[in-house]
Amino acid sequence: MNLDTPVNKIPRIGAEYQKKLKRLGIKTVRDLLWHFPHRYQDFSNLTPISEVKIGETVCIQGEIVEIKISQTWKRRMFLTTALVKDKTGSIKVVWFNQPYLINTLQAEDGVYLAGKTSKGPKGMYLSNPSYEKISSRKSDKSKLVHTGRIVPVYPETEGLSSRWLRFILKPLLTKFQDEIQDYLPEKIRKEHKLLGIKKALWQIHFPDSMELAQQARQRFSFEELFILSLMILREKMKLMTEKSISIPIRIKVIKEFVDSLPFKLTNAQKKCSWRILKDLEKTRPMNRLLEGDVGSGKTVVAVMVALNVTQAGFQTGFMAPTEILANQHFQEISKLLKGFDLSIGLLTGKESKLKNRKIARNKLLEKIKQGKVDILIGTHALIQESVKFGKLALVVLDEQHRFGVEQRAKLTLKSELIPHLLSMTATPIPRTLALTVYGDLDLSLINEMPKGRKKVITKIVAPKQRKETYQFIREQVKDKKQIFVICPRIESSNNGTINSWTDTKTIKQEYKKLSEEIFPKFKIDMLHGRMKTSEKEKIMKKFKKGKTDILVSTSVVEVGIDVPNATVMMIEGSEKFGLAQLHQFRGRVGRGDYQSYCFLLTSSSSPKTNKRLRALKSCENGFELAEKDLEIRGPGELLGSRQWGIPDLSMASLKDVFLVEKTRNTAKELLNKDPQLKKHPLLQKRLKLFKQRIHLE
Ligand code: ADP
Ligand code: MG
C-alpha cells in the first residue's frame, strides 16, 4: 500500500463507505489523508464527574459500574444505560439505538466519555457520548482518538461521520507517516515558517494544541494557494509559447470607426482598445479580461477590435450568455458597423441570420466555414460541433469571466489556429481572485464612465414605505418612463414543503398584484427564465421600444440589457441577491439622460443584510462592492456553485489578500529559477494531482 492506493484496498473500508467516499471525490489514501476537519472540539480537559452540570459538553474519565440494555415500551427503541464513576462521583450515561455497545463496554472497564449532558425525568444523564475504552495509564492516553484530547470534526456530508473518519485516519496516518514527503521546498518552508508536512498532517487531524492545529492549517492554506498560483502561472507561460495570428493595426479604419460613433470614447475605452489591438499584433494568443462597470461601454471596444480583425481578412466569434443578449448585440453591432460593408451573422439555438436577413442554418454554417462571415454573434451555439470557422482569429466572450480550457481547445481545433481571446465582464473580480483563479488572464479595466451619466439614486425601502414607492413609480410612468421590478423566484413551491422562501415575492404573484391591483391602467409584462426564447424576446423587444411601462422579471435581465428610457429598478427581496448582482441590476437603469432610481425592498432586519444593502447604497463602484461582498460573505458564498473544485481551506484563504500575494510571489520566484520545475519533482507531482481536481471556468 502507498499513498496512491485506492481506498477500496484499505482493509477497513467496505463497499458502502467506498461509495460514500467516491461521492466526495476521495479515491486514494492520499485523498483521504487530505480530507481535513473543518473544526475541532476541545476535550483535552477532563471534568470531574461531581462538577458536571446539565447542558454542558464535557469529557470525563471513569470506570463503568454497571451497564445494561433495555427497550422503550412505546417506540421499541434500544437504550444502553450505564453508570460511570470516578473519584468524585458518578453519572448516568445513555446511548440510544446502539445495542451492540453492550458487547464492547463492560462493567469495570475504564472509559473516556465525551458528549453533552441532558436533563431526564430521573435527573441528569450524559447523552450519546463518544466513548473510548482505555486504562488510565499515561502511555495509553496517546491512543485516544475521539475523547480526552482535541478532537477533529469533519464536514459530515454523504453520511460520513467524524467518528468513522477518525477511526480510519489515525492508523493510516501512523502507517504512512514515513512515506509522506514534503513537496514544499525547504527554503520556502523556512522562509515562511511553515510546519513540515508530516507534522502538519498529524496536527491538522489530531492536534496537540489549538495553536498547532492553527499552524497546520496555515501550512496547508499556504501550500494550496501556492500550488494554485504555480498552476495558473504555468498555464500563462504555456500560452505565451503558443502561436496565434498576428493582426496588423489599421489606423485609418479605426479612425473612421471612431469618427462614425455618435459619442466620444472615454479615455479608458481608448486605452483599453489600444492595449487589445497591440495584443493582437503579436503572434502569441491574447488571453485578456476586460472589466468594466455596467454601462462603461465595453461593447464598442470589442467591436473596434473585431473591425480591425476583419481588415486582415479574419473572423471574429462573439459569444453572449443568453439569446436576448446575442440578439441585442447583433442589432447593436450591425448598427455600429453599418458603414463598413461587413457580413455580420447571428447564430443561436433558434435563429440564424446574415446581414439582418434570415438564412438557412446550413447555409450560414457553410459561409462561416468558407470564412465569408466576418463577425458571427451568438450564444453557446457558436462552439457546437457543427460550427467550423474558416479563419477565426478572435473570440469575444461577453459577460463570462473566462473560457474553460476545454472550450478553448474546441475552438482551436475548429480554426486550426489558436484564436485570441477577449472576455468581458461587468462582474468585478476581487483582487485576490484576480491574482489566483483569474491569474492567467491579463486584465484591462475600463474605470471611467461615459460623460454625462447621472448617478443612480439608491434607497433601501422598508415594508411600510411600499405605498409611497408605488406612488413614485406611478408618477414616473406618467412621465413616460419605464420601470423594472425584479423578483427572486418564479413560483412558490406548492409541494407542501415549508422553507424560508415562503415569503419571497414570486414573480407571478407580483405580476398579478401589480397589473390587477396597484397599476391596473399601466401596461405590464412579465419575463422569466422558463419562458420560451421567442416569447422572452418579444417581451424584451416591446419593452425596449417603450410599449410596456413595467417589466416584472426574474434575474434574466441581469446582464447587458440596454433600455435608456428605464429609470426605476425596484428589487423585491433584495437581501436574497449578492452585492455584485444587485449592482448589475442597478446598472440596468441610468443608461439614458434621466435621473434614475434603484429601490431595494427588504423586510429583513438581519445586521449582515443591512450592512450589505447599505454598502450598495453608499458605493457605486462595482470593484469596491466586490471587495465588500468578499469581506462580508466570504469567497464560498460569493462564488456559489462556482467553486472550481478548489479545496475548502484555500477557498477560505481567498479572502486573505496578504497571503494570496505572498504565495503568488513565492510561486513566481520559484518559476523564474526553475520554469519547468525540473529541480522540484515532488512539487511537479503535487501540481499534477492538484490540476486533476480543479476546473476553472
Ligand atoms: P457595457 O460595458 O455594460 O457592456 P455597453 O457597451 O452596452 O456597456 O454600453 C452602454 C451604452 O453606452 C451603450 O448604449 C453604448 O452605445 C453607450 N456608450 C458606450 N461608450 C460610450 C461613450 N464613450 N459615451 C457615451 N455613450 C457610450
Ligand atoms: Mg455589455
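All values below were derived from every heavy atom in this structure, side-chain atoms included, with hydrogens, water molecules and symmetry-related copies excluded. As the structure lists them, so they are numbered: ligands from 1, and atoms in each ligand from 1. Quick caveat, the model's predicted, so the values are computed rather than measured. Counting from 1, the numbers follow the sequence of the chain as shown.
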| said: Using heavy atoms and a 4.0 Å limit, tell me yes or no: is Ala426 in contact with ligand 1? | reply: no
| message | Just to check, does Gly292 reach to within less than 4.0 Å of ligand 1 when the distance is taken from its heavy atoms? | response | no
| request: May I ask you to establish whether Lys481 and Tyr594 are in a cation-pi arrangement, using a distance under 6.0 Å from NZ or CZ to the six-membered ring centre and at most 45° from the ring axis? | output: yes
| task | Give a yes/no verdict on a cation-pi contact between Lys391 and Phe314, requiring under 6.0 Å between NZ or CZ and the six-membered ring centre and an angle within 45° of the axis. | result | yes
For ligand 1, which atoms have a heavy atom of [X] less than 4.0 angstrom away?
| X | value |
| --- | --- |
| Thr266 | 23 (N) |
| Lys264 | 22 (C), 23 (N), 24 (N) |
| Leu265 | 23 (N) |

| More than 12 heavy atoms of other groups within 6.0 Å of Lys480 NZ | no
| Are Glu661 and Arg664 ion-paired here, with the side-chain N under 4.0 Å from a carboxylate O? | no
| said: I want to confirm something. Looking only at heavy atoms, which of Thr299, Asp398, Thr425, Val563 is nearest to atom 6 (O) of ligand 1? | reply: Thr299
| Value rounded to 0.5 Å, distance of CD in Glu575 from CD1 in Ile460 | 11.0 Å
| query | With under 30° as parallel and over 60° as perpendicular, where do the rings of His329 and Phe318 fit, or are they tilted in between? | reply | tilted
If I apply the N/O under 3.5 Å rule, does [X] come out as touching ligand 1?
| X | value |
| --- | --- |
| Gln269 | yes |
| Val300 | no |
| Phe263 | no |

| request: Indicate yes or no for a side-chain donor-acceptor contact from Thr379 to the backbone of Ala320 under 3.5 Å, with no hydrogens or angles considered. | output: no
